[in-house]
There are 2 protein chains.
Amino acid sequence: MRSTDQIMHKAAWLYYMHGLRQDEVAKQLNISRASIATYLRRAREIGIVNISTSTQLFSDDVLARKLEDALSLDAVWIVPEDRLAIDPAAEMPVVAAAVFLELINKGDRIGVAWGRTVYHLADIMPYADLQGVTVVQLCGNLGAPYNYRPDQCTTEIGRRLNAEGINLYAPLVLSSERLASDLRNEPVIREQLASIADCQLVLYSVGGIESDSHLVRCGALTAEEMQALGESGAGGVIAGQVIDHEGRWLDCPHNRRCISADLEIIRTIPKRMMVVEEDSKFQPLVAAIKGGFVSHLVVTHSMALRLLARWEAEAPRRG
Amino acid sequence: MRSTDQIMHKAAWLYYMHGLRQDEVAKQLNISRASIATYLRRAREIGIVNISTSTQLFSDDVLARKLEDALSLDAVWIVPEDRLAIDPAAEMPVVAAAVFLELINKGDRIGVAWGRTVYHLADIMPYADLQGVTVVQLCGNLGAPYNYRPDQCTTEIGRRLNAEGINLYAPLVLSSERLASDLRNEPVIREQLASIADCQLVLYSVGGIESDSHLVRCGALTAEEMQALGESGAGGVIAGQVIDHEGRWLDCPHNRRCISADLEIIRTIPKRMMVVEEDSKFQPLVAAIKGGFVSHLVVTHSMALRLLARWEAEAPRRG
DNA sequence: ATAGGTCTTTGACTTTTGTCAGCGTTCGTG
DNA sequence: CACGAACGCTGACAAAAGTCAAAGACCTAT
């Protein structure tokens with residue numbers, strides 16, 4: 001520990017745990033109050049000091065309870081679109097990050113997929129000091145029109161949480177099924193994909209199948225290919241892989257050429273946290289939920305209403 | 001949720017998660033800034049907002065590493081007695097409380113014993129919002145010369161953590177072995193004692209066997225009885241029960257008349273956090289460590305030095 | 001040895017936050 | 001329905017925290 005880190009720790013301890021004022025801390029440590037203020041800010045930024053707020057505000061809600069019951073989910077958080085005059089688009093990642101942090105336990109292994117949503121989340125993720133946590137990349141890499149590529153995203157989340165980040169050094173999609181299969185069987189990659197089963201928590205969103213969807217924009221698929229997939233029953237995208245409307249892995253060239261977490265394995269992970277920002281992802285989300293990819297859900301108020309209506313419409317048919 | 005709680009949550013969210021200033025929050029929620037300040041203080045007090053500082057300052061230390069290695073402990077925290085001009089006696093419970101909170105995971109079941117130390121800890125324990133946590137009482141009740149009796153102590157810790165507190169409705173010591181045995185077999189009590197095996201974490205200190213020790217002061221034993229125990233090999237007290245110098249349960253009238261957690265069960269709990277405030281407890285602590293009752297240890301610097309010296313003195317004999 | 005760079009520290013100033021008496025509202029009670 | 005207690009809210013002031021330019025410390029390369 002550097003000596004300035006030591007001072008920062010001491011300052012943080014005296015200020016936050018003992019409740020001394022900055023000038024009192026300054027007197028204790030024999031440096032100016034201005035310095036103390038600087039150290040404290042750094043301690044907060046680095047995650048030495050953790051300030052967290054319960055996300056109860058978003059989960060304590062009649063609609064959330066109803067959704068949990070109707071869709072058999074473990075927990076639902078609903079982001080209001082009207083009440084607070086905060087920009088709802090900016091609010092979603094903040095809520096998601098807070099929920100994510102709440103779901104992490106010390107020593108956990110956490111899988112993260114990639115997409116606009118996860119990228120946004122990484123970008124505003126607060127710093128924390130979660131020693132013993134490992135963040136693993138669920139899907140292969142690809143070029144991206146954002147600041148972070150998938151591997152950078154995993155690394156960034158790991159960095160901010162003071163956790164270990166493990167990258168998957170393979171492309172998301174290969175040009176031939178043969179190569180994809182060979183690569184999946186490479187010991188390094190195979191072990192890494194298998195180790196995803198040890199995760200206690202995964203974080204992802206669901207991708208749409210429109211011609212301007214994420215996979216298309218990142219160049220993994222052409223608009224035509226995507227459209228063809230849509231016509232042959234594609235319902236959404238999970239960790240780079242296409243699923244049908246019931247959430248089953250779709251047997252298609254793209255999926256066969258894909259290096260990503262086994263969907264069967266993902267389903268067995270205890271906490272599967274899904275964040276959906278855009279209302280346009282209703283159909284894909286329904287598919288993901290039906291496929292068992294969701295145990296913890298963060299959605300907008302209007303999306304929650306639509307989901308509930310959908311399940312209530314189906315309920316009579318079942319019961 | 002009361003509407004004022006709702007406002008408090010919103011204020012806390014906007015202030016701590018979005019980083020708005022109090023006046024901005026006030027404008028958002030259409031109330032005066034002074035009220036916001038009040039809400040925020042309440043949110044902190046209640047544990048809606050959690051501010052925690054890493055205890056690294058106390059564990060990141062050469063001596064701590066050495067102790068962990070020498071005594072095969074999972075983690076050691078050392079409270080300095082000189083560096084910070086904070087009263088060391090007051091510092092110990094603060095460190096212990098922070099460590100305790102760090103060791104808790106969501107959903108855990110936690111056993112707490114009772115003694116001066118645990119009482120001090122309960123008294124300064126910060127408020128937190130650990131839903132799904134259960135705090136169980138490890139040992140029976142007895143009158144106490146402190147503010148809290150064992151059951152109140154459990155309840156108080158539970159209350160502050162927003163966790164469920166489960167009390168053991170039995171006295172610590174009974175007048176006859178027969179009655180103690182019968183009571184232990186009462187379904188309610190038996191189940192509760194058995195359920196201690198499900199704990200992921202226990203918190204306790206170790207008791208001394210001097211004639212002014214805790215058990216004597218609380219009236220569980222007379223000074224003469226305690227002295228006799230000392231002469232027949234008693235080394236310390238764990239959860240109200242006397243152990244010998246090697247940390248084994250001592251077969252004595254007191255132990256046979258005692259209602260408390262089975263020591264065998266305690267040894268199997270993964271995280272066994274021990275806090276020792278007084279340097280006079282050196283011998284009992286040695287017994288507790290030898291008996292396998294400690295995996296996480298919080299001690300003073302001088303106690304750490306004595307422990308290390310003791311183990312280093314023994315090492316040559318073993319190796 | 002020294003010039004030039006980076007990182008710390010500080011005093012002085014500004015902004016933000018904490019506090020508290022007093023006012024208004026609500027709610028339970030006689 | 002009137003009364004008082006309890007609670008929430010506010011404005012004004014006091015206290016504490018944040019900020020920043022400038023000075024100083026420290027390191028490195030010439």
Side-chain angles (χ1 to χ4, degrees), chain A residues 1-54 56-57 60 83-86 90 94 124 126-129 159 162, chain B residues 1-54 56-57 60 83-86 90 94 124 126-129 159 162:
Chain A
M1 203 191 277
R2 295 209 327 271
S3 103
T4 129
D5 283 7
Q6 181 89 5
I7 297 180
M8 184 182 65
H9 270 89
K10 280 191 197 175
W13 181 263
L14 292 171
Y15 187 77
Y16 287 107
M17 301 307 284
H18 282 277
L20 300 193
R21 289 190 320 261
Q22 292 188 356
D23 56 336
E24 295 176 304
V25 177
K27 213 171 118 198
Q28 282 280 330
L29 304 183
N30 253 324
I31 45 184
S32 78
R33 199 192 54 71
S35 296
I36 298 295
T38 311
Y39 282 125
L40 291 179
R41 178 161 40 72
R42 265 223 307 261
R44 285 189 303 262
E45 283 168 0
I46 297 180
I48 301 294
V49 171
N50 243 314
I51 302 187
S52 65
T53 307
S54 149
Q56 216 186 324
L57 178 57
D60 195 27
R83 284 186 300 171
L84 309 173
I86 290 281
V94 178
I124 60 95
Y127 287 77
D129 189 28
R159 188 178 74 83
N162 225 319
Chain B
M1 204 192 276
R2 293 208 327 269
S3 100
T4 129
D5 283 6
Q6 182 91 4
I7 297 180
M8 182 181 67
H9 271 88
K10 281 192 197 175
W13 182 262
L14 293 171
Y15 187 77
Y16 287 107
M17 301 308 282
H18 283 277
L20 299 193
R21 289 192 317 264
Q22 292 188 356
D23 56 338
E24 296 176 304
V25 178
K27 210 171 121 198
Q28 282 281 328
L29 303 183
N30 254 325
I31 44 184
S32 77
R33 199 194 53 71
S35 298
I36 297 296
T38 311
Y39 282 126
L40 292 179
R41 179 161 36 73
R42 267 224 306 261
R44 285 189 303 263
E45 285 168 359
I46 297 178
I48 300 294
V49 171
N50 244 315
I51 303 184
S52 63
T53 307
S54 148
Q56 215 184 327
L57 177 58
D60 195 29
R83 283 186 301 172
L84 308 173
I86 291 279
V94 177
I124 60 94
Y127 287 78
D129 190 26
R159 188 176 77 81
N162 226 320

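Labels below follow one simple rule: chain letters A, B, ... track the order of the sequence lines, proteins then strands, and each chain is numbered from 1.
Residues B:V49 and B:A12 come closest through the heavy atom pair CG2-CB, 3.6 Å.
Nearest to the side-chain atoms of B:A34 among the listed nucleotides C:dG18, C:dC20, C:dT9 stands C:dC20. For B:R41, counting side-chain heavy atoms from C-beta on, the closest listed nucleotide (D:dA16, C:dT19, C:dT17) is C:dT19. Distances from the side chain of B:D23 to the nucleotides C:dT17, D:dA17, C:dT8 place C:dT17 closest. The listed nucleotides are D:dG18, C:dA12, D:dA12; the one nearest the side chain of A:A37 is D:dG18.
Rounded to an integer number of Å, the gap from CG of B:L20 to P of C:dT16 is 12 Å. Atom C1' of nucleotide C:dC7 and atom CD1 of A:I31 are separated by 14 Å, given to the nearest angstrom. When rounded to the nearest whole Å, the span between CD of A:Q22 and P of C:dG11 equals 15 Å. Rounded to whole angstrom, the span from the CZ atom of B:R21 across to the P atom of C:dT17 amounts to 7 Å. Rounded to a whole Å, the CZ atom of B:R42 is 14 Å from the P atom of C:dG18. The interatomic distance linking B:N30 (CG) with D:dC9 (C1') rounds to 13 Å, in whole Å.
Between the OH atom of A:Y39 and the CD1 atom of A:I46 there is a distance of 11.0 Å, given to the nearest 0.5 Å. Considering CE of A:M8 and CD1 of A:I48, their distance stands at 4.5 Å, rounded to 0.5 Å.
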Side chain to side chain contact (heavy atoms under 4.5 Å, CB included) assessment of B:T53 paired with A:Y15: CA-CA 10 Å; B:T53 307; A:Y15 187 77; over 6 Å; no
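A sub-4.0 Å separation between OP1 or OP2 of C:dT9 and a side-chain N or O of A:S32 is absent.
In this model, a side-chain donor or acceptor of B:R33 finds a partner on the base of C:dG18 within 3.5 Å.
Counting any heavy atom pair closer than 4.0 Å across all strands shown, B:I36 reaches no nucleic acid atom.
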